[in-house]
Each structure stands twice: as structure tokens, then as C-alpha cells.
Amino acid sequence: MSPRTPWALRVPATLAVLLLLLPLSGLLLRAPWRDLPAILAGDQVRDALWLSLVCATQAMLLSVVLGVPLAWVLARSEARGVRLLRALVTLPLVLPPVVGGIALLLAFGRNGVVGRYLEAWFGLSIPYTTTAVVLSGTFVAMPFLVVAVEGAFRSADRGYDEAAATLGADRLTTLRRVTLPLLRPALVAGAVLCWARALGEFGATITFAGSIQGTTRTMPLEIYQEFQSDPDTAIVLSLVLLTVSVAVLFALRGRWVGGSA
């Protein structure tokens with residue numbers, strides 16, 4: 001810390017750092033490093049890791065396809081109710097994940113608002129399937145992408161859009177050829193955060209998708225399962241997710257909170 005930092009700020013700041021880093025240090029100190037290769041080579045661990053990576057990637061892609069147009073609407077639309085829509089879209093950021101899982105179950109369950117028709121018309125049952133894992137990740141993670149991209153839309157110079165319009169480009173062409181390339185850093189940052197959030201999702205997944213090995217048991221669920229019987233394995237799996245999180249933060253390097261890299 002800077003020597004000019006007042007003691008009234010330095011002491012609580014130091015305590016905050018300790019509060020955040022000491023638990024992570026506990027993982028590193030208690031990790032069974034000698035057994036790490038054997039634990040990671042287990043079938044259950046490989047299945048959970050692969051499922052987490054695949055479902056998080058699918059949730060990110062779905063969030064990009066749906067979230068970027070939504071971010072444009074929130075940033076550029078002047079229609080009534082946009083403020084209310086923005087509040088509803090960002091609600092999963094503060095909503096307890098288990099509540100989100102219950103909401104998904106009531107919407108897409110066999111007796112849900114939409115699920116009953118999917119079951120009757122197409123024979124589709126979403127709960128306790130891999131699709132449910134993807135939907136859970138999308139529900140909790142897409143707001144991160146929407147917030148990042150909407151902010152970029154708002155701060156973008158509209159002069160480029162107007163110049164493209166004077167050259168005969170329609171709105172869709174302008175968005176695809178001009179606006180989105182300019183917003184690429186924010187889009188990448190939002191997509192990476194979205195992927196990381198979906199990778200670590202627990203509450204909505206276990207409520208809506210359950211914990212079925214090879215089908216819905218992702219890494220967070222595997223960690224919870226192992227912690228009850230084999231804490232060493234749970235610690236190793238936690239280190240894997242911790243490594244991924246650190247890699248994500250390093251890749252973003254200030255793009256989310258602003259400032260230079």
C-alpha cells in the first residue's frame with residue numbers, strides 16, 4: 001500500500017484483503033498435492049469437468065445470441081417500460097440461485113407454465129437433463145453479458161452508425177459491420193464472465209437439473225458431493241475451479257471494472 005494511505009483506511013483495507021485471501025490460502029495449504037494426479041484422473045471427476053465445460057460454453061453461446069440483442073434494446077430503445085425491463089433482466093444478479101432454480105422448475109417442469117405444453121406437444125421433458133444445466137447457467141449468467149454490452153452500447157459513438165446510414169447501410173448491417181466490431185472488447189469481457197459464472201453455478205442447477213453423474217452433475221455439484229465423503233477430493237476440485245477463475249480475471253485485466261491493463 002502507498003505510505004500516504006491514512007491509517008483509518010489502511011487497517012480496514014488490510015483486514016478486507018485478509019478476509020478474502022485467507023480462505024483461498026487454506027485451499028492451497030490443505031490441498032493433497034501428492035494425490036492430485038490420481039484424483040483428477042478419476043472417471044467421476046473427468047465426467048463432471050467435461051460436463052461443466054460443455055454446458056458453460058453452450059450457456060455462453062446462448063447468452064450471446066439472446067443477450068446482445070437484448071442489450072441493444074435496453075441501451076437504444078426509447079419505448080416505455082425499458083427501465084422495468086432492465087430491472088427484471090438484471091434480477092438474477094441478486095436473486096438467490098436456488099430461487100432461480102425453483103422458478104425454472106415452475107416454468108419448464110412437467111406441470112410448469114411452458115413445460116406442460118412441451119411435454120404434451122413434443123414429448124420434451126427438460127428438468128433433470130443436460131439441457132436443464134444449460135438453461136440454469138444461462139439464467140444466472142446472461143445478465144453479466146447484458147450489463148457489459150449494454151454499457152458499451154451506451155458509451156459507443158453513434159457518429160459511426162450515422163455515417164454508415166448515410167452510406168446506405170440499414171440498421172442490421174450497421175450493427176453487424178460497424179457497431180459490434182467496435183464493441184468487441186466489451187463483448188468478449190461479458191462473454192468470458194458469463195462463461196465463468198455458468199461454470200460455477202450450483203444452486204439453480206441442483207434444484208432444476210439435479211445431480212446425476214454424467215448427465216447433470218457439474219463440477220460444483222461434484223465438489224459438494226465429494227466434500228461429504230472425501231474432503232481431499234473436494235479440495236482438489238475446488239482448486240481446479242479456483243485456477244479457472246484466476247485465469248478469467250487475468251484474461252480480462254481491468255476490462256470489466258475499467259482502467260488500463
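Atoms considered below: every heavy atom in the structure, side chains included; atoms not considered: hydrogens, waters and symmetry mates. Starting from 1, each residue takes its place in the sequence as its number. Model, not experiment: these values are computed from the prediction.
- Other residues, nucleotides and ligands contribute at most 12 non-hydrogen atoms within 6.0 Å of the CZ atom of Phe227.
- Atom CE of Met219 and atom CD of Gln225 lie 13.5 Å apart (nearest 0.5 Å).
- Judged purely by atom type and a 3.5 angstrom limit, Glu201 uses its side chain to pair as donor or acceptor with the backbone of Gly203.
- When side chains are defined from C-beta on, Ile212 does not count as touching Arg217, because their heavy atoms never get closer than 4.5 Å.
- Looking only at side-chain heavy atoms (C-beta outward), Asp47 and Gln213 come within less than 4.5 Å of each other.
- Evaluation of the side chain to side chain contact (heavy atoms under 4.5 Å, CB included) rule for Glu119 yields Arg110, Ser125 as partners, not counting sequence neighbours.
- Note that the CG atom of Leu145 and the CG atom of Leu187 stand 6.0 Å from one another [nearest 0.5 Å].
- To the nearest 0.5 Å, atoms CD1 (Ile235) and CZ (Arg30) are separated by 5.5 Å.
- Residue Val114 is grouped with residue Tyr117 when hydrophobic side chains (ILVMFWY) are merged at heavy-atom distances under 4.5 angstrom, including chains of intermediate members.
- Counting only residues at least two apart or in different chains, ring pair (Phe, Tyr, Trp, His ring centres under 6.0 Å) contacts with residues 73-99 are absent.
- A pairwise comparison of heavy atoms in Gly109 and Pro127 identifies CA-CG, 3.5 Å as the closest pair.
- When all heavy atoms are compared, the tightest approach of Ala152 to Ala186 is CB-CB, 3.4 Å.
- Here CG of Leu62 is found 4.5 Å from OG1 of Thr138. Values are rounded to the nearest 0.5 Å.
- Pairing each heavy atom of Ser136 with each of Ala204, the nearest pair is OG-O, 3.6 Å.
- Neither Trp72 nor Leu74 shares a network with the other; the hydrophobic side chains, linked directly or stepwise wherever heavy atoms of I, L, V, M, F, W or Y lie under 4.5 Å apart, form separate groups for each.
- When atom types are taken as modelled, the side chain of Thr90 and the backbone of Ala87 share a donor-acceptor pair closer than 3.5 angstrom.
- Put simply, the side chain of Val98 does not reach to within 4.5 Å of the side chain of Phe208, judged on heavy atoms.
- To the nearest 0.5 Å, atom CZ of residue Arg34 and atom CG of residue Asp232 are 13.0 Å apart.
- In this structure, the side chains of Phe202 and Pro97 stay at 4.5 Å or more apart for every pair of heavy atoms.
- For the pair Leu66 and Met142, the tightest heavy-atom approach, listed with the atom from each and the gap, is CB-SD, 4.0 Å.
- Contact of the Trp195 side chain with the Val64 side chain is not registered, since no non-hydrogen atoms from C-beta on lie closer than 4.5 Å.
- Rounded to the nearest 0.5 Å, atoms CG (Leu70) and CG (Leu85) are 6.0 Å apart.
- Counting only heavy atoms from C-beta outward, the side chains of Arg197 and Leu193 never approach each other to under 4.5 Å.
- When all heavy atoms are compared, the tightest approach of Thr130 to Cys55 is CG2-SG, 3.6 Å.
- Grouping the Ile, Leu, Val, Met, Phe, Trp and Tyr side chains by contacts below 4.5 angstrom, directly or via other members, places Val82 apart from Leu91.
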(Q) For Arg46 and Trp50: C-alpha separation, side-chain torsions, deciding distance, then whether side chain to side chain contact (heavy atoms under 4.5 Å, CB included) applies. (A) CA-CA 6 Å; Arg46 288 203 305 264; Trp50 176 250; over 6 Å; no
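- Taking 4.5 Å as the limit, every side-chain heavy atom of Thr207 sits out of range of all side-chain heavy atoms of Leu104.
- Transitive grouping of hydrophobic side chains (ILVMFWY, heavy atoms separated by less than 4.5 Å) brings Val73 and Val68 into a common cluster.
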**Q.** Stepwise side chain to side chain contact (heavy atoms under 4.5 Å, CB included) check, Ile223 with Leu241
**A.** CA-CA 10 Å; Ile223 291 172; Leu241 290 186; 3.7 Å; yes
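- Looking only at side-chain heavy atoms (C-beta outward), Leu28 and Leu239 come within less than 4.5 Å of each other.
- Here the shortest heavy-atom pairing between Leu237 and Val45 reads CD2-CG1, 3.4 Å.
- Grouping the Ile, Leu, Val, Met, Phe, Trp and Tyr side chains by contacts below 4.5 angstrom, directly or via other members, places Leu221 apart from Leu51.
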Q: Show the numbers, then the answer: is there a side chain to side chain contact (heavy atoms under 4.5 Å, CB included) between Val140 and Leu95?
A: CA-CA 9 Å; Val140 300; Leu95 193 69; over 6 Å; no
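- Side-chain N or O atoms of Ser52 include none that pairs as donor or acceptor with a backbone N or O of Leu199 at under 3.5 Å.
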